[in-house]
Every structure is written in structure tokens, then in C-alpha cells.
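Report on the following structure.
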Amino acid sequence: MMTYKEWDATEYIRDLTERNRLAQQEECKFALVSGWEGLTEVIQNMRKHKAFVAIDETAESMTHKVGAGYFETKVHTVFLLMRYKALDEEDRLAKLRICREIMRQFQAKMIIDAEQLAAATIYLDSDFQAREIGRIILNGLTGLYFTFSFDRPQELVLKADDWDNPFVTYGSR
């Protein structure tokens, strides 16, 4: 059984991409990007590949207290991008519909997986936000991106061996 320490959101999205039949049919290539700037490499590879599922490795995170423990919340962004015939609005809309459907299938799977992941204290949030990418931004490329988040426990335990005078607070000496 996987533990919350071993779970990796990037590998999870890679697995969804590899196992989803529509993503396979559309020949979606998995990619790792760093923000919008990282999409440049994906765009450059659009000549070799017609579709991408890319996850942004620059996830946002926050640590917060829940009851007696602390949890880390991480937010990841997933891009679903497809090449379309330039200046062909019908083809763009058809490809955008495919991206929407892949997102819907991913989200449906994530909702089911959330129940199993909770047993490993990985709490996948079932609230998703999405935004479609307009043709003005990337002519010849359409798609969308969506975010998902998860919480997992954090072991924030003060270890005396990590510090000189671990129980002395700044300004109290």
C-alpha cells in the first residue's frame, strides 16, 4: 500500500495519461513544464506530436493546522493541448471538445481515486478549476488547463539534534 510520503502528483497524471483510452487514441504525449514559460518547449514539439498532457512542476503549496496535526496542501496545474489546422475554426473547436472530454474523464477518475487515496492520508480535492486557452494566445494550438489539489500530513516535529539550543526562542537569551 502506498503511503502519503511516496505519492507523487506528477507520476499520478503521467499514469492517467498513459491509461486513458481517449488520451491514447489522440496520441497525447505526457510532458513536464515549469509554468507558462515552460510551455515553450511543448509548443516547439508540436511539429512532432499533435497533443500533450503537461503538468506544471512548479506547484503551489501551503502548510496549515488541522486539529492536532499539520497538513501540506499542494495545487497542481495540468495543461491539455492539441494542434489544429491554422485558421480553421471548426477544427479548433473539435480539438477543444476533445480536450474538454479528456479533462472530464481525468476528473471522474480522480474523484473515484480520492476515496482510495484517503486510506493513505492523501486527500485529493474534488473541486477543480479550469480555463480554456483562446486562439489569440496560441494560433494553431488549442486546449485548456485545470488545477487540482491534495492534502497530506506533514511531520513537523522539532528534533533537538537539528539545532543548537533548540528550545531557546530568538530574543529570549
Decide whether Thr63 and Glu72 meet the rule of one side-chain donor and one side-chain acceptor closer than 3.5 Å.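 There is no such pair (donor and acceptor under 3.5 Å, judged by atom type) between the side chains of Thr63 and Glu72.
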Looking only at side-chain N and O atoms, does His76 offer a donor or acceptor that is under 3.5 Å from a partner on Ser149?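 No pair is found: no donor N or O on one side chain lies under 3.5 Å from an acceptor on the other.
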To the nearest 0.5 Å, what is the distance between [atom1] ([X]) and [atom2] ([Y])?
X: Glu89; Y: Asp91; atom1: CD; atom2: CG; result: 10.0 Å
X: Ile55; Y: Ser34; atom1: CD1; atom2: OG; result: 11.5 Å
X: Ile112; Y: Leu124; atom1: CD1; atom2: CG; result: 11.5 Å
X: Asp127; Y: Gln107; atom1: CG; atom2: CD; result: 10.5 Å
X: Met82; Y: Lys50; atom1: CE; atom2: NZ; result: 6.0 Å
X: Cys28; Y: Leu81; atom1: SG; atom2: CG; result: 9.5 Å

Determine whether [X] and [Y] make a side-chain contact, defined as any pair of heavy atoms from C-beta on separated by less than 4.5 Å.
X: Tyr123; Y: Arg152; result: no
X: His64; Y: Asp151; result: yes
X: Phe128; Y: Met110; result: yes
X: Val33; Y: Phe52; result: no
X: Tyr84; Y: Leu93; result: no
X: Gln105; Y: Leu22; result: yes
X: Thr142; Y: Ile133; result: no

According to a 4.5 Å side-chain heavy-atom criterion applied to Ile, Leu, Val, Met, Phe, Trp and Tyr, with indirect links allowed, do [X] and [Y] form part of one hydrophobic cluster?
X: Trp7; Y: Met62; value: no
X: Ile111; Y: Leu117; value: yes
X: Val75; Y: Val53; value: no

Go through Leu144 and Met103 one step at a time and tell me if the side-chain contact (heavy atoms from CB on, under 4.5 Å) criterion holds. CA-CA 9 Å; Leu144 53 87; Met103 178 183 69; 3.6 Å; yes
Apply the test side-chain contact (heavy atoms from CB on, under 4.5 Å) to residues Phe106 and Asn20: give CA-CA distance (whole Å), side-chain angles for both, the deciding distance (0.1 Å), then the verdict. CA-CA 8 Å; Phe106 275 30; Asn20 178 265; 3.8 Å; yes
Heavy-atom pair with the smallest gap, counting every atom of [X] and [Y]:
X: Ala23; Y: Ile102; answer: CA-CD1, 4.2 Å
X: Leu158; Y: Pro166; answer: CD2-O, 3.8 Å
X: Gly143; Y: Leu96; answer: O-CD1, 3.5 Å
X: Arg83; Y: Leu141; answer: N-CD1, 4.1 Å

For residues 9-17, please give each side-chain donor-acceptor pair under 3.5 Å, one per line with the distance, not counting sequence neighbours.
| residue | atom | partner | partner atom | Å |
| --- | --- | --- | --- | --- |
| Glu11 | OE1 | Arg14 | NE | 3.1 |
| Glu11 | OE2 | Arg14 | NE | 3.3 |
| Glu11 | OE2 | Arg14 | NH2 | 3.4 |
| Tyr12 | OH | Asp113 | OD2 | 2.6 |
| Asp15 | OD1 | Arg19 | NE | 3.3 |
| Asp15 | OD2 | Arg19 | NE | 2.8 |
| Asp15 | OD2 | Arg19 | NH2 | 3.1 |
| Thr17 | OG1 | Ile13 | O | 2.8 |

Let's go through Glu132 and Arg100 carefully: what are the C-alpha distance in whole Å and the side-chain angles of both, what is the deciding distance for salt bridge (charged side-chain N to carboxylate O under 4.0 Å, His left out) to 0.1 Å, and is it a yes or a no? CA-CA 9 Å; Glu132 294 180 359; Arg100 288 176 186 147; 2.6 Å; yes
From CA spacing to verdict: side-chain contact (heavy atoms from CB on, under 4.5 Å), Gln154, Phe71: CA-CA 5 Å; Gln154 288 293 295; Phe71 281 76; 5.8 Å; no
ring-ring contact (aromatic ring centres under 6.0 Å, His included) partners for Phe79, two or more places apart: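 Checked Phe79 against ring-ring contact (aromatic ring centres under 6.0 Å, His included); matches are Trp36, Tyr145.
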Over 12 non-hydrogen atoms of neighbours within 6.0 angstrom of CD in Glu60: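 Counting neighbours around CD of Glu60, 12 or fewer heavy atoms of other residues, nucleotides or ligands fall under 6.0 Å, so no.
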Apply the test side-chain contact (heavy atoms from CB on, under 4.5 Å) to residues Phe150 and Asp125: give CA-CA distance (whole Å), side-chain angles for both, the deciding distance (0.1 Å), then the verdict. CA-CA 5 Å; Phe150 66 91; Asp125 192 351; over 6 Å; no
